[in-house]
Every structure is written in structure tokens, then in C-alpha cells.
Amino acid sequence: MGERRWVAVHDGARPCVSGDVLERALAEVRGTGAAIAAVPVKDTIKVVGEERVISDTPDRATLWAAQTPQVFDYQILLDAHRAAGVEYTDDAAMVEAAGHRVTVFWGDYHNLKVTTPEDLDMVSLLLARPAVEYRVGNGADAHALAAGRALVLGGVTVPHPAGLAGHSDGDALSHAVIDALLGAAGCGDIGTHFPPEDPSLAGISSLLLLERTVGVLAEGGWCIANVDATMLAQRPRLSPHVPLMRRNIATALSVEQSQVSVKATTTDYLGFTGREEGIAVVAVALLYRP
Ligand SMILES: Nc1ccn([C@@H]2O[C@H](COP(=O)(O)O)[C@@H](O)[C@H]2O)c(=O)n1
Ligand SMILES: C[C@@]1(CO)OP(=O)(O)OP(=O)(O)OC[C@H]1O
């Protein structure tokens with residue numbers, strides 16, 4: 001073993017072990033010297049004697065099912081092997097018998113042991129399953145209402161005497177959605193990708209920025225599961241424009257309209273939106289990576 005300090009014993013019949021379990025193993029054994037993967041049992045366990053008569057029902061709260069990897073300080077494991085007189089069903093039992101404290105760390109219910117043909121069916125299903133990652137993000141934006149500007153939300157020009165101020169078209173709905181998407185992907189925010197100082201963005205349609213955001217997401221392999229946004233505006237009444245806003249955003253994001261939800265609420269005359277000084281939007285987005 002040279003100068004190596006830790007030994008991780010793994011059962012070849014557990015093919016679904018993950019890197020996360022191994023990382024937890026190393027973190028635990030550094031503190032305790034002897035640690036095993038385990039999961040709390042979900043079934044009530046019966047001790048059954050002769051003629052299938054139950055002799056005991058142990059308190060399930062104290063029962064964990066042992067798994068591998070079981071990780072030990074090399075010297076502790078070697079000494080336990082040298083002292084072992086009988087057969088044990090796992091290395092932990094042998095180390096326990098040698099008088100050492102062995103702790104459990106959180107294993108994985110997917111880390112199944114293939115013993116019977118039924119186990120093989122379960123493991124085959126697990127291994128055939130595509131591993132999908134999910135990320136959620138939120139976004140918020142608020143713009144002042146300025147007399148004489150076009151009011152653009154979700155790419156729709158809504159008839160109103162005042163519109164949203166901004167370097168771009170001021171489309172706070174699109175901006176909040178962009179921030180939710182970038183947040184979910186862990187890719188900064190709208191200002192990082194589309195700086196307000198950039199002269200080429202003056203008056204730009206924010207639907208184009210939404211399209212470019214899809215490119216940023218694609219670089220990380222992210223796909224959009226859904227987006228949900230709420231516009232906070234005392235006036236004008238926005239719900240008649242919501243179907244077109246959804247369609248515009250869905251087209252810009254290259255997703256189905258059903259994946260884009262847009263809603264509106266007043267703030268009952270409260271705050272800057274209630275006083276009609278501005279409009280605010282909050283949004284959430286869910287991304288997945290196949
Ligand atoms: N600018 C707005 C605000 C609200 N709506 C619609 O009215 C409904 C009720 O709004 P409350 O703020 O009074 O709860 C809301 O659910 C929206 O459908 C709207 O169209 N435009
Ligand atoms: C996209 C940008 C570009 O100037 O749009 P703005 O209209 O300035 O809107 P804001 O939400 O204040 O900030 C985002 C900007 O990066």
C-alpha cells in the first residue's frame with residue numbers, strides 16, 4: 001500500500017455507485033477512520049424464528065441498511081483482518097469486532113446490490129435512465145414609466161400614454177425572463193451579456209436579447225423546461241395582451257407556447273407600481289440538461 005492511508009472496499013455487485021457517494025466516503029473517513037455507506041431502512045424489519053413466527057420488531061428508527069463503499073484507515077483494516085477469527089458479512093462488522101467505532105455516512109438508495117434476477121431488472125432500468133440535471137432561476141426588473149414612450153412588454157406594444165424608459169426598448173418582461181434564464185444557468189445576468197453602455201443595444205427589441213440568451217444557454221447544454229412571469233402594473237390592463245406576449249417569448253426562446261406563462265397583477269395602488277411611476281416584473285425559469 002506504500003504511503004497510502006485509506007482503503008475503500010467496494011462490492012462489485014453494486015454498479016450504480018456515484019461519485020457523490022465516494023466524495024462523502026472520503027470526507028467521513030478523514031474524521032472517523034472507519035465509515036460505511038448506509039441508508040435508513042424504509043420497511044419495518046421483523047426478526048423471524050422457527051415456523052416463521054416473529055420474535056421481534058426492532059425500532060426502525062435505529063436501522064440502516066449497510067452498503068459499500070466501506071472506507072477505513074489502512075492500519076485499522078489490516079489489524080482487523082489479522083485479528084478476525086470468524087466470517088463477517090461485511091468489512092465493517094470485522095472492524096467493529098476489533099473494537100473500533102465505525103460510523104455511517106449517507107449512501108444512495110440507487111446503490112443497489114445485484115443478488116437476484118429481480119435486482120438485475122431494477123439496476124438495468126436505472127442504468128438505462130437518462131441522467132437529467134435541473135436548475136431553477138429567478139429574475140426581476142423594474143422600469144420607470146415615461147410619457148410619450150412606447151410601452152413594450154413581451155415584444156407587444158401596448159396602447160398607453162406612457163412607456164418604459166430604458167437604453168433598450170425597456171421591455172421589463174423580457175428582461176426579467178432573461179435574468180431568470182441566466183440565473184438558472186449560473187451565467188451572470190442581463191447586464192453581463194448586454195451592457196447598458198453598449199451603443200449597439202440602443203432601442204433594441206428585447207426579443208432579440210431573448211434569442212441571444214438561448215445561445216448562451218446552448219453553450220452550457222441547457223434546454224428550457226418552462227418560464228413563468230408576473231407583471232406588476234396598476235395600469236394599463238395587460239391580460240388582453242398576454243396571449244401575444246406568450247407567443248412572442250416562446251418564439252424568441254424556440255419553445256412551445258405552453259412552456260411560457262405570463263400573468264399580470266396590480267399592487268392595489270401600493271408602491272411605485274401602484275402610483276403608476278413604473279412597472280415591475282418577476283420571473284422564474286426551469287432549465288434541464290439532458
Ligand atoms: N395591469 C394589470 C393588472 C391586473 N390584470 C388582471 O387583473 C387581475 C386582477 O388583478 P389584481 O391585482 O386586482 O389581483 C389579474 O389577475 C390580471 O388578470 C391585468 O390584466 N392588468
Ligand atoms: C438590456 C439592457 C441594455 O441596456 O436594457 P435596458 O433597457 O437598459 O434595461 P435594464 O433592465 O435597466 O438593464 C438591462 C440592460 O442591460
Side-chain angles (χ1 to χ4, degrees), residues 137-219 224 226-253 257-258 260-285:
N138 74 74
D141 196 21
H143 283 246
L145 279 163
R149 246 185 93 95
L151 174 57
V152 181
L153 287 164
V156 177
T157 302
V158 179
H160 196 55
L164 295 176
H167 177 56
S168 65
D169 61 359
D171 183 343
L173 171 56
S174 297
H175 296 180
V177 170
I178 289 170
D179 261 357
L181 293 167
L182 292 173
C187 284
D189 62 15
I190 188 168
T192 324
H193 295 271
F194 313 112
E197 303 77 31
D198 182 343
S200 73
L201 300 179
I204 194 169
S205 163
S206 297
L207 291 180
L208 289 174
L209 305 183
L210 270 173
E211 278 179 33
R212 293 184 198 170
T213 303
V214 176
V216 176
L217 302 182
E219 279 172 32
I224 297 165
N226 77 305
V227 165
D228 180 28
T230 303
M231 302 174 288
L232 289 78
Q234 195 59 46
R235 273 189 335 130
R237 194 155 182 83
L238 295 171
S239 51
H241 305 282
V242 160
L244 186 53
M245 292 173 184
R246 290 180 64 197
R247 201 176 319 153
N248 286 346
I249 294 171
T251 303
L253 297 179
Q257 208 173 305
S258 61
V260 177
S261 157
V262 173
K263 312 185 301 299
T265 184
T266 68
T267 51
D268 275 340
Y269 304 99
L270 297 169
F272 70 89
T273 53
R275 291 189 298 270
E276 297 184 43
E277 292 164 9
I279 288 178
V281 183
V282 291
V284 289

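We number each residue from 1, following the sequence as shown. When a ligand or atom number is given, it counts from 1 through the structure's own listing order. Just the heavy atoms: all of them, side chains too, but no hydrogens, waters or symmetry mates, feed the values below.
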Nearest neighbour in protein (non-hydrogen) for atom 17 (C) of ligand 1: A264 O, 3.1 Å

Only residue of N248, V227, I178 satisfying side chain to side chain contact (heavy atoms under 4.5 Å, CB included) with L253 is V227

Atom 5 (O) of ligand 2 [closest protein heavy-atom partner, distance rounded to 0.1 Å]: S168 OG, 3.2 Å

Show me which atoms of ligand 1 lie under 4.0 Å from any heavy atom of A233. 1 (N), 2 (C), 3 (C)

S239-ligand 1 polar pair, N/O distance under 3.5 Å: yes

So, 4.0 Å and heavy atoms of H143: is ligand 2 close enough to count as a contact? yes

Please name the residue in the list L173, L151, L232 that meets the side chain to side chain contact (heavy atoms under 4.5 Å, CB included) test with I279. L151

For the student: nearest non-hydrogen atoms of E211 and A252, plus distance: CG-O, 3.4 Å

Polar contact flag, side-chain donor to acceptor under 3.5 angstrom, H193-T213: no

Which one holds for L209 and ligand 2: side chain close, backbone close, both close, or neither close, with close meaning a heavy atom under 4.0 Å? side chain

Can you tell if the side chain of V260 reaches within under 4.5 Å of the side chain of Q257, non-hydrogen atoms only? no

Which residue and atom name correspond to the protein heavy atom nearest atom 21 (N) of ligand 1, and how close is it? L238 N, 2.9 Å

What do you reckon, does T265 have a nitrogen or oxygen under 3.5 Å from a nitrogen or oxygen of ligand 1? yes

So, regarding Q234 and ligand 1 (criterion: nitrogen or oxygen to nitrogen or oxygen, under 3.5 Å), is there a contact or not? no

Ligand 2 versus H175, non-hydrogen atoms closer than 4.0 Å: side chain, backbone, both, neither? side chain

Does only the side chain of P236 get under 4.0 Å from ligand 1, or the backbone, or both, or neither? Count heavy atoms. backbone

What residue and atom, counting heavy atoms only, is the protein's closest point to atom 14 (C) of ligand 2, and at what distance? I190 CG2, 3.8 Å

Provide the number and element of each atom of ligand 2 under 4.0 Å from a heavy atom of D141. 11 (O)

With the threshold set strictly below 4.0 angstrom, can you tell me whether any protein non-hydrogen atom sits that near atom 2 (C) of ligand 1? yes

Return a yes/no value: protein heavy atom under 4.0 Å from atom 19 (C) of ligand 1? yes

Under 4.5 Å between any side-chain heavy atoms of D169 and S205, yes or no? yes

Heavy-atom contacts with G166 under 4.0 Å: which atoms of ligand 2 show up? List them by number with element. 7 (O)

Any chance you could lay out the side chain to side chain contact (heavy atoms under 4.5 Å, CB included) test for V156 and L238, step after step, and finish with the verdict? CA-CA 10 Å; V156 177; L238 295 171; over 6 Å; no

Of all the non-hydrogen atoms in the protein, which one sits nearest to atom 10 (O) of ligand 1, and at what distance? T266 N, 4.1 Å

So, does N138 use its side chain to make a donor-acceptor pair with the main chain of V284 at under 3.5 Å? no

Answer yes or no: is there a donor N or O on one side and an acceptor on the other, between the side chain of H167 and the main chain of P196, under 3.5 Å? yes

Starting at CE of M245, measure out to CG of L153 and round the result to the nearest 0.5 Å. 5.0 Å

Heavy atom of the protein closest to atom 2 (C) of ligand 2 (residue, atom name, distance): F194 O, 4.0 Å

Mind checking the OG1-CD spacing from T265 to Q234? Nearest 0.5 Å is all I need. 8.5 Å

